[in-house]
Amino acid sequence: MLELNDTALLRAHCLIGGQWVDADDGATTAVTNPADGATIAHVPCCGAAEAERAIAAADTAFQTWRDTTAAERAHILRRWHDLVLASQDDLAAIMTAEQGKPLAEAKGEIVYAAAYIEWFAEEARRAYGEVIPSPARDRQLVVTREPVGVCAAITPWNFPAAMVTRKVAPALAAGCTIVLKPAQQTPLSALALADLAVRAGVPSGVFSVVTGKASAIGRVMSASPVVRKLSFTGSTPVGIHLMRECADTVKKLSLELGGNAPFIVFDDADIDAAVAGAIASKYRNAGQTCVCSNRFLVQDGIYDRFAAKLAAAVGLLKVGNGRDEGVTVGPLIDDGAVAKVEELVGDALGKGARVLAGGRRHTLGRNWYEPTVLADVTQAMAVAREEIFGPVAPLFRFKDEAEAVALANDTEYGLAAYFYTTDHARVWRVSRRLEYGMVGVNTGLISTEVAPFGGMKSSGIGREGSRHGLEDYMELKYIAMGGL
Ligand SMILES: NC(=O)c1ccc[n+]([C@@H]2O[C@H](COP(=O)([O-])OP(=O)(O)OC[C@H]3O[C@@H](n4cnc5c(N)ncnc54)[C@H](O)[C@@H]3O)[C@@H](O)[C@H]2O)c1
Ligand SMILES: O=C[C@H](O)CS(=O)(=O)O
């Protein structure tokens with residue numbers, strides 16, 4: 001049994017139109033702990049009808065929520081932020097139980113999730129319009145920024161809190177209403193955040209959470225003409241599917257999709273900093289983040305020393321149950337995820353890669369995989385093209401800067417890239433030529449609410465967070481005032 005200070009945060013109902021409800025047919029889905037398979041709770045397995053009602057409630061609520069002042073919305077968001085931070089321990093315990101990440105990482109994610117709420121509480125009051133110098137004496141030209149309207153959000157399991165607030169906070173700040181479908185593996189974090197939003201004063205219907213049948217709920221969201229924007233974070237194939245489904249109603253779309261991040265280490269890099277950055281960017285959340293380094297491109301002159309140091313550092317990682325003190329690598333989300341990692345490692349070994357650390361399932365259980373480092377990896381291996389989404393660092397060699405950039409860009413994805421060098425001219429040359437939305441230079445950790453998060457190519461459309469994040473939830477309206 002999950003031990004919480006505030007047991008009311010463990011919500012086993014959906015929030016629709018301000019009411020905590022079951023699925024219409026009473027169906028439920030079990031939420032299980034990836035560390036031991038224990039059932040934590042059962043949540044409603046809703047479908048199209050419940051999604052339709054949530055959208056209708058959002059439409060009704062929008063008629064009044066849109067007329068609140070930015071200051072009023074900012075005040076409620078600030079209160080939500082304060083309640084989330086005050087519940088950090090409980091929210092982290094819920095997250096570690098349903099997602100598996102180490103408690104320290106879960107607590108960090110709660111702070112990160114709250115930071116998006118705080119950021120957009122502030123941004124709400126700076127959604128300025130424009131007065132345009134008129135080309136004619138008899139008219140005044142102004143541009144206002146208005147809320148898009150009813151929004152829908154679909155989020156992944158790897159960051160069960162931050163991916164929710166990164167969408168819900170800007171939507172509410174802009175004056176929109178929103179219906180969220182969280183990942184079926186990690187709904188409890190979203191439901192707890194919704195509970196705190198209600199306590200903060202978010203009115204009925206403004207923010208609903210519908211758990212259950214992903215395809216049915218997604219289809220309703222995509223097909224509804226009432227829904228004017230869909231924000232999706234998840235895999236590229238599902239993002240493409242939703243993009244197609246939304247075409248008929250011409251929705252605004254935000255797509256935060258998959259990645260294949262290169263981590264480039266030049267001969268002149270600070271090797272110890274590069275190893276520390278590699279650990280941070282690869283093994284966070286057991287490698288299950290969209291911005292995890294997926295390919296390590298290491299220049300010939302530093303390759304052997306970097307490989308040895310990285311393997312030694314990986315050997316110090318503590319694998320275990322995320323709730324246990326000092327654990328730095330928890331289980332993967334499920335056995336299917338481990339099987340995919342195992343298949344990618346097997347493909348690489350079969351084509352000539354060498355194991356420097358790990359390289360197999362962990363004895364702790366079916367959802368664990370040993371933190372792994374592979375040497376002598378080549379472009380012929382599947383890890384060069386596929387998102388690993390697990391604790392595996394494949395090391396590739398390169399000769400010079402031109403080859404490094406060419407290898408780095410040789411992917412359908414364009415989300416995050418990293419490189420280590422002490423040559424400042426190279427910093428700006430390489431940053432400019434990398435085809436990615438986000439570039440970390442001499443750091444393996446880049447995610448923050450104050451900077452635009454997102455990518456290009458198959459990694460998606462749009463940016464979340466930063467001063468740009470509100471734009472996706474607002475429309476520009478040009479008003480020409482004539483007859484003056
Ligand atoms: N770019 C980013 O910011 C970012 C962040 C986190 C995760 N991701 C990506 O997400 C993937 C891992 O997350 P995942 O396994 O949850 O992804 P996923 O695409 O399988 O699922 C994401 C969400 O989509 C829902 N979904 C699945 N099929 C659907 C359908 N047909 N209609 C409507 N909804 C549907 C799921 O229930 C879940 O809520 C990785 O590729 C990772 O790179 C990207
Ligand atoms: O999976 C990627 C998420 O966006 C998490 S983070 O923003 O990089 O922490």
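FYI, the numbering just counts along the sequence from 1. For ligands, and for the atoms within them, numbers begin at 1 and follow the listed sequence.
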Worksheet entry | Within-shell test, F389 vs ligand 1, heavy atom, strictly < 4.0 Å | yes
Worksheet item: Is it true that P237 lies under 4.0 Å from ligand 1, counting heavy atoms only?
Response: no
Fill in: Proximity winner for atom 14 (P) of ligand 1, if only heavy atoms of W157, F453, F232 are counted
W157
Worksheet entry | atom 44 (C) of ligand 1: the protein heavy-atom neighbour that sits closest, reported with distance to 0.1 Å | L257 O, 3.0 Å
Fill in: For atom 9 (C) of ligand 1, closest protein heavy-atom neighbour
G234 O, 3.1 Å
Discussion item. Quick check on contacts: which atoms of ligand 1 are under 4.0 angstrom from a heavy atom of E256?
Written reply: 1 (N), 2 (C), 3 (O), 4 (C), 44 (C)
Practice prompt. Under 4.0 Å from a heavy atom of S215: give me the atoms of ligand 1 that qualify, with their elements.
Written response: 31 (N), 32 (N)
Worksheet item: Using a 4.0 angstrom limit on heavy atoms, which residues are close to ligand 2?
Response: Y112, N158, F159, M163, R166, R284, T289, C290, V291, S447, F453
Worksheet item: If you look only at pairs with a residue in residues 155-185, which of them pass as a ring-ring contact (aromatic ring centres under 6.0 Å, His included), with sequence neighbours excluded?
Response: W157-F389
Is it true that [Y] and [X] share a donor-acceptor pair across their side chains at a distance under 3.5 Å?
X    : Y    : answer
K229 : S254 : yes
S293 : S281 : yes
T249 : K251 : yes
R295 : N260 : yes
Q379 : D410 : yes
S189 : E98  : yes

Please set out all donor-acceptor pairs under 3.5 angstrom arising from side-chain atoms of residues 160-168, sequence neighbours excluded.
{"residue": "T165", "atom": "OG1", "partner": "A113", "partner atom": "O", "Å": "2.9"}
{"residue": "T165", "atom": "OG1", "partner": "A162", "partner atom": "O", "Å": "3.4"}
{"residue": "R166", "atom": "NE", "partner": "E464", "partner atom": "OE1", "Å": "2.9"}
{"residue": "R166", "atom": "NH1", "partner": "Y112", "partner atom": "OH", "Å": "3.3"}
{"residue": "K167", "atom": "NZ", "partner": "S231", "partner atom": "OG", "Å": "2.9"}
{"residue": "K167", "atom": "NZ", "partner": "T233", "partner atom": "OG1", "Å": "2.7"}
{"residue": "K167", "atom": "NZ", "partner": "E464", "partner atom": "OE2", "Å": "2.8"}

Discussion item. Going by a strict under-4.0 Å cutoff (protein heavy atoms only), does atom 17 (O) of ligand 1 have a neighbour on the protein?
Written reply: yes
Worksheet item: Can you find an N or O of R166 that's nearer than 3.5 Å to an N or O of ligand 1?
Response: yes
Item to complete: Kindly state each residue pair satisfying salt bridge (charged side-chain N to carboxylate O under 4.0 Å, His left out) with at least one member in residues 36-53, sequence neighbours excluded.
Response: D24-R53
